[in-house]
Amino acid sequence: MKNMSDYKIILGSKSPRRKELLEQIGMEFEILVSDDEEVITSNVPSKVVEELSLQKAQNVEKMIADKHEKYIVIGADTVVAYDGRILGKPKDEDDAETMLKFLSGNTHQVYTGVTLIIKDKEKRETKNFAECTSVTMYDISEDEIRKYISTKEPMDKAGSYGIQGIGGKFIKEINGDYNNVVGLPVAAIYQKLKGLT
């Protein structure tokens with residue numbers, strides 16, 4: 001990704017998983033997160049994550065726009081959707097248990113919205129897209145759910161599970177990009193950025 005070396009790259013997320021995924025593909029970047037409130041106007045999962053990732057990226061851009069001539073801001077948001085319902089991060093342990101019971105033995109979708117704001121001297125461009133991966137879970141017993149929640153892993157994850165952690169033992173099948181389920185479709189991001197000179 002040498003052709004991007006003269007861009008200041010900012011990841012607008014404090015997720016350690018997104019940080020690891022970008023590092024994994026050799027990207028050099030800084031992390032900057034905005035505390036501005038985000039507003040959802042849609043209930044369609046792909047549109048929700050596109051809206052939220054765009055707002056995150058725009059909020060971060062406001063913080064850095066006058067500091068750099070050339071920059072790329074990456075905003076991202078992930079939700080789990082099952083049976084028409086969007087499942088975000090659980091509010092508490094009961095909420096996590098309810099979500100995991102929904103997902104047990106079923107196929108759900110993981111949507112990650114990504115916004116890339118690319119600015120150089122001549123132009124400013126915004127690329128906004130959503131990636132979808134289908135995930136099928138094995139049946140999970142109530143005892144397994146309780147034990148899993150006791151590890152605290154589900155508490156900061158959309159859909160109340162982490163595919164790259166303990167929750168991986170419940171996953172039967174994946175159709176799509178695994179990294180998208182972790183939280184960032186890095187291959188899609190790379191493909192959209194590799195034309196930069």
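Start at 1 with the first residue, then count along the sequence.
- Applying side chain to side chain donor-acceptor pair (under 3.5 Å) to K8 and the options E30, E28, H68 leaves one that passes, E30.
- Considering only heavy atoms from C-beta on, Y111 stays 4.5 Å or farther from I86 through its side chain.
- Residues L87 and V110 fall within the same hydrophobic cluster, defined by Ile, Leu, Val, Met, Phe, Trp and Tyr side chains chained together at heavy-atom separations under 4.5 Å.
- Ionic pairing of K70 and E122 is not present here: no N-O contact between side-chain nitrogen and carboxylate oxygen is shorter than 4.0 angstrom.
- N128 meets the side chain to side chain donor-acceptor pair (under 3.5 Å) test with S53, T115; sequence neighbours excluded.
- Note on K101 versus E97: salt bridge recorded, some NZ/NE/NH1/NH2 to OD/OE distance being below 4.0 Å.
- Following chains of ILVMFWY side-chain contacts shorter than 4.5 Å, one cannot reach I117 starting from V49, and the two form parts of different hydrophobic clusters.
- Proximity of I118 to K127: side-chain heavy atoms (C-beta onward) are separated by under 4.5 Å at one or more points.
- Open room surrounds CD on E37; 12 or fewer heavy atoms of other groups in view lie less than 6.0 Å from it.
- With hydrogens and angles ignored, the 3.5 Å screen pairs no side-chain donor or acceptor of E38 with any backbone N or O of K56.
- Minimum heavy-atom separation, P154 to S160: CB-O, 3.0 Å.
- Here the straight-line distance linking atom CD of Q109 with atom CG of D83 works out to 10.0 Å at 0.5 Å rounding.
- Residue E23 places its CD atom among more than 12 non-hydrogen atoms of other residues, nucleotides or ligands, all under 6.0 Å distant.
- Note that the NE2 atom of H108 and the OG1 atom of T136 stand 8.0 Å from one another [nearest 0.5 Å].
- For CZ of R85, the number of neighbouring non-hydrogen atoms (other residues, nucleotides, ligands) closer than 6.0 Å is 12 at most.
- By the criterion of side-chain heavy atoms lying less than 4.5 angstrom apart, applied directly or through intervening Ile, Leu, Val, Met, Phe, Trp or Tyr residues, L184 is not grouped with V79; the two fall into different hydrophobic clusters.
- Placement of V60 and I72 in two distinct hydrophobic clusters is found when ILVMFWY residues are connected by side-chain heavy-atom separations under 4.5 Å, directly or transitively.
- Side-chain contact between R17 and D156 is present, with at least one heavy-atom pair separated by less than 4.5 Å.
- Taking CG of L116 as the start and NZ of K192 as the end, the distance is 8.0 Å to the nearest 0.5 Å.
- The side-chain heavy atoms of I25 and I189, taken from C-beta on, include no pair separated by under 4.5 Å.
- Side-chain atoms of T151 do not come within 3.5 Å of backbone N or O of K147 as any donor-acceptor pair.
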Exercise. Would you please test Y178 and T133 for side chain to side chain contact (heavy atoms under 4.5 Å, CB included) and show each step?
Key: CA-CA 7 Å; Y178 168 83; T133 303; over 6 Å; no
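- When all heavy atoms of F29 and K19 are compared, the pair lying nearest together is CZ-O, 3.5 Å.
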Exercise. Evaluate the side chain to side chain contact (heavy atoms under 4.5 Å, CB included) criterion for residues K157 and M99: first the C-alpha distance (whole Å), next the side-chain angles of each, then the deciding distance (0.1 Å), finally the verdict.
Key: CA-CA 11 Å; K157 313 277 192 301; M99 286 191 207; over 6 Å; no
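- Inter-residue side-chain proximity for R18 and I74 is flagged as unmet; no heavy-atom pair is nearer than 4.5 Å.
- Pairing each heavy atom of V48 with each of S42, the nearest pair is CG2-O, 3.2 Å.
- S34 is listed as a side-chain neighbour of M63, based on a closest heavy-atom distance under 4.5 Å.
- Placement of L32 and Y71 within a single hydrophobic cluster is found when ILVMFWY residues are connected by side-chain heavy-atom separations under 4.5 Å, directly or transitively.
- Considering CD1 of I64 and NZ of K119, their distance stands at 10.0 Å, rounded to 0.5 Å.
- In plain terms, the two heavy atoms of A188 and F129 that are nearest each other are CB-CE1, 3.9 Å.
- By the 4.5 Å heavy-atom criterion applied to side chains, D36 and K62 are counted as neighbours.
- Counting heavy atoms from C-beta outward, N179 and Q24 have side chains that approach closer than 4.5 Å.
- Here the shortest heavy-atom pairing between I171 and Y138 reads O-CE1, 3.5 Å.
- The distance from the CE atom of M137 to the CG atom of L100 is 6.0 Å, given to the nearest 0.5 Å.
- Note that CG of D66 and CD of E61 are 10.5 Å apart. Values are rounded to the nearest 0.5 Å.
- The side-chain contact (heavy atoms from CB on, under 4.5 Å) with D177 is formed by just one residue from the set N175, I174, N180; it is N180.
- Y82 and F102 make their closest contact through CE2-O, 3.6 Å (heavy atoms, listed as atom of the first residue, atom of the second, distance).
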